[in-house]
Amino acid sequence: TKRKQAEEEMRWKTALLEAQLDATDEGILLVDKEGNRIIQNQRCVAMWKIPKHIVDNQDHNQQVEFVKNSAKDPDKFIERVNYLYGHPDEVAREEVEFKDGTLLDRYSAPIVAKDGICFGRIWVFRDITAQRRAETTLRESEAKFRELAENINDVFWISVPDMSKMIYISPAYEAIWGRLPGSLYKNPQEWHEAIHPEDRARVWACIQKLSVEVPSISIEFRVVRPDGTVRWIHDRGFLVRDASGKVVHTAGVAKDITERKRTEEALRVSLAEKTTLLQEVHHRVKNNLQIVSSLLNLQAGHVQDAAVLELLAVTRSRVGAMALLHENLYQSENLARLNLPEYVESLCAQLLRAAGPIHARIRLERHIEPETVSLGLDQAVPCGLLLNELVTNALKHAFPGERSGCIRVTLERATPQTARLTVADDGVGLPVTLDPSHTSSLGLQLVFLLTQQLHGTVNFERGQGTAVHILFPNSAEKETPHE
């Protein structure tokens, strides 16, 4: 009975051991002192790809022979196995490579009882193929990264999330900051200390913004090199996360933009000089045109002929329109584009004053779209003269006697590629017999000539009064320089 109980207990312990061995991810093989297999788990069989008929065969030598032939270097494999069997007290750990590329970590140690007697040997195998491939890939990736980082002119840096420790800084740091990378590893605060005193607070405030909500930043600042020279830096920083999304590093790329800053400053100075020069040109042109206007006015004082006086007045009005345009450009922040509402307002007011008592019974309305229509100098001059001719013509002919009425000036976008200038009145209208395109009137001839200069078309609309529509090219996408 005791014998049966002992056998039952042994079977139970053996089953428990086999269950425990099969539950592990490692391959385990137990052999006696002669190298005969005592037990092995299923993971060991799977790792070595041992056929079932060999597993079922209790001849351990046949299994060793199969495994030997699977190894990449069979002779070295069997030599090592025999050595360990011949040295039962030896503990060994080494890697075994298969012909199919599989790599196993093999651990072997003697099985020793409490009384020191050696019963055999345990072999533990762990598949490290994926681990080694990952390590190889990582080494290759790191090599490529270093080759890239160490051969660019920009500084690539990696730090811990709070930037209290620098993990990597590329060699370009020495060329730009004038300091050795090693000094930054020893003292991470050197990076902050090198920032120009006037920029430190701003830079640090920007860095503090790095968070889940703001995963990247971009800032320009100055650094002071040990020799006292100043360099401008454009730094782009960003958070680096692991597979779980946790922030593990802060990294960035810093570029030396000193030459760009110098170029920008030179351009700014040059632009300021050219702006001053253009303002002076517009101012002098305006003054010269005002002198011409004054000369015409003086000449009119010595003329008695009413027809000649009218011609001088019309000419003076045209000169005044051009002088007003240059005055507007002189006072404008943008010397290349005209301030349309202000110019139209000033020109219409000037024409009304010149018209004499009639301005008291004429209402002049203006509708200008400066947001959608922008005139450069090449279009501003002919448009200003067109406006002068059409408004003057309406004031002279649309409201005879004591008739009152309204003149409406409109400058708007007609299509994405064209603009439309309209001068309309509710006066008596054009005579039925008058063909605007065939007339001896200098004013109407100028309207057609100026429209041609704009590469546009003119249309006279008759009805309750007269409306003149001038359509000309003017792209909505044209940029308006502003400095």
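Residues take their numbers from the sequence shown, with the count starting at 1. The shown structure was predicted, so the numbers you read here are calculated from the model rather than taken from an experiment. Below, each value reflects all heavy atoms present in this structure, side chains not excepted, and no hydrogens, waters or symmetry copies.
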Side-chain polar contacts of residues 242-254 - donor-acceptor pairs under 3.5 angstrom, sequence neighbours left out - could you list them?
from: Asp242; atom 1: OD1; to: Ser244; atom 2: N; distance (Å): 3.0
from: Asp242; atom 1: OD1; to: Ser244; atom 2: OG; distance (Å): 2.7
from: Asp242; atom 1: OD1; to: Gly245; atom 2: N; distance (Å): 3.1
from: Asp242; atom 1: OD1; to: Lys246; atom 2: N; distance (Å): 2.9
from: Asp242; atom 1: OD2; to: Ser244; atom 2: OG; distance (Å): 3.4
from: Thr250; atom 1: OG1; to: Pro161; atom 2: O; distance (Å): 3.0

I'd like to know if the side chain of Glu213 pairs up with that of Ser211 as donor and acceptor (distance under 3.5 Å, no hydrogens or angles considered).
yes
Go through the structure and list residues passing salt bridge (Lys or Arg N to Asp or Glu O under 4.0 Å) with Arg363, not counting sequence neighbours.
Glu365
Distance-only donor-acceptor hits, side chain of residues 443-461, under 3.5 Å, sequence neighbours excluded:
from: Gln445; atom 1: NE2; to: Thr439; atom 2: O; distance (Å): 2.9
from: Thr451; atom 1: OG1; to: Val447; atom 2: O; distance (Å): 2.7
from: Glu461; atom 1: OE1; to: His469; atom 2: NE2; distance (Å): 2.8

For Arg133, salt bridge (Lys or Arg N to Asp or Glu O under 4.0 Å) partners two or more places apart:
none
Side chain to side chain contact (heavy atoms under 4.5 Å, CB included) against Ala414, all qualifying residues, sequence neighbours excluded:
Thr418, Arg420, Leu471
Verdict with supporting geometry, Asp425 and Arg408, salt bridge (charged side-chain N to carboxylate O under 4.0 Å, His left out):
CA-CA 6 Å; Asp425 64 70; Arg408 182 175 178 81; over 6 Å; no
Please assess Met166 against Val160 for the test side chain to side chain contact (heavy atoms under 4.5 Å, CB included), listing each intermediate value before the final yes or no.
CA-CA 7 Å; Met166 192 61 65; Val160 295; over 6 Å; no
Do the side-chain N and O atoms of Asn474 and Gln379 include a donor-acceptor pair separated by under 3.5 angstrom?
yes
I'd like to check the side chain to side chain contact (heavy atoms under 4.5 Å, CB included) partners of Pro197; sequence neighbours left out, ordered by chain and number.
Arg200
Suppose we screen for side chain to side chain contact (heavy atoms under 4.5 Å, CB included). Which residues come up paired with Asp426, at least two apart in sequence or across chains?
Phe399, Cys406
Residues at least two apart in sequence or cross-chain that pass ring pair (Phe, Tyr, Trp, His ring centres under 6.0 Å) with His196, listed by chain then number, are none
Of all residues at least two apart in sequence or in a different chain, which pass the ring pair (Phe, Tyr, Trp, His ring centres under 6.0 Å) check with Trp232?
none
Counting only pairs under 3.5 Å, give me each side-chain donor-acceptor contact of residues 173-182, with atom names and distances, residues two or more places apart or in other chains.
from: Tyr173; atom 1: OH; to: Glu190; atom 2: OE1; distance (Å): 2.7
from: Arg179; atom 1: NH1; to: Trp177; atom 2: O; distance (Å): 3.1
from: Arg179; atom 1: NH1; to: Val224; atom 2: O; distance (Å): 3.3
from: Arg179; atom 1: NH2; to: Val224; atom 2: O; distance (Å): 3.3

Taken in chain and number order and not counting sequence neighbours, the residues that satisfy ring pair (Phe, Tyr, Trp, His ring centres under 6.0 Å) with Phe125 are Trp48
So SG of Cys206 and NZ of Lys209: to nearest 0.5 Å the spacing works out to 5.5 Å
Pairs where residues 95-104 contributes a residue and the test salt bridge (charged side-chain N to carboxylate O under 4.0 Å, His left out) is met, not counting sequence neighbours:
Lys49-Asp100, Lys72-Glu97, Glu95-Arg132
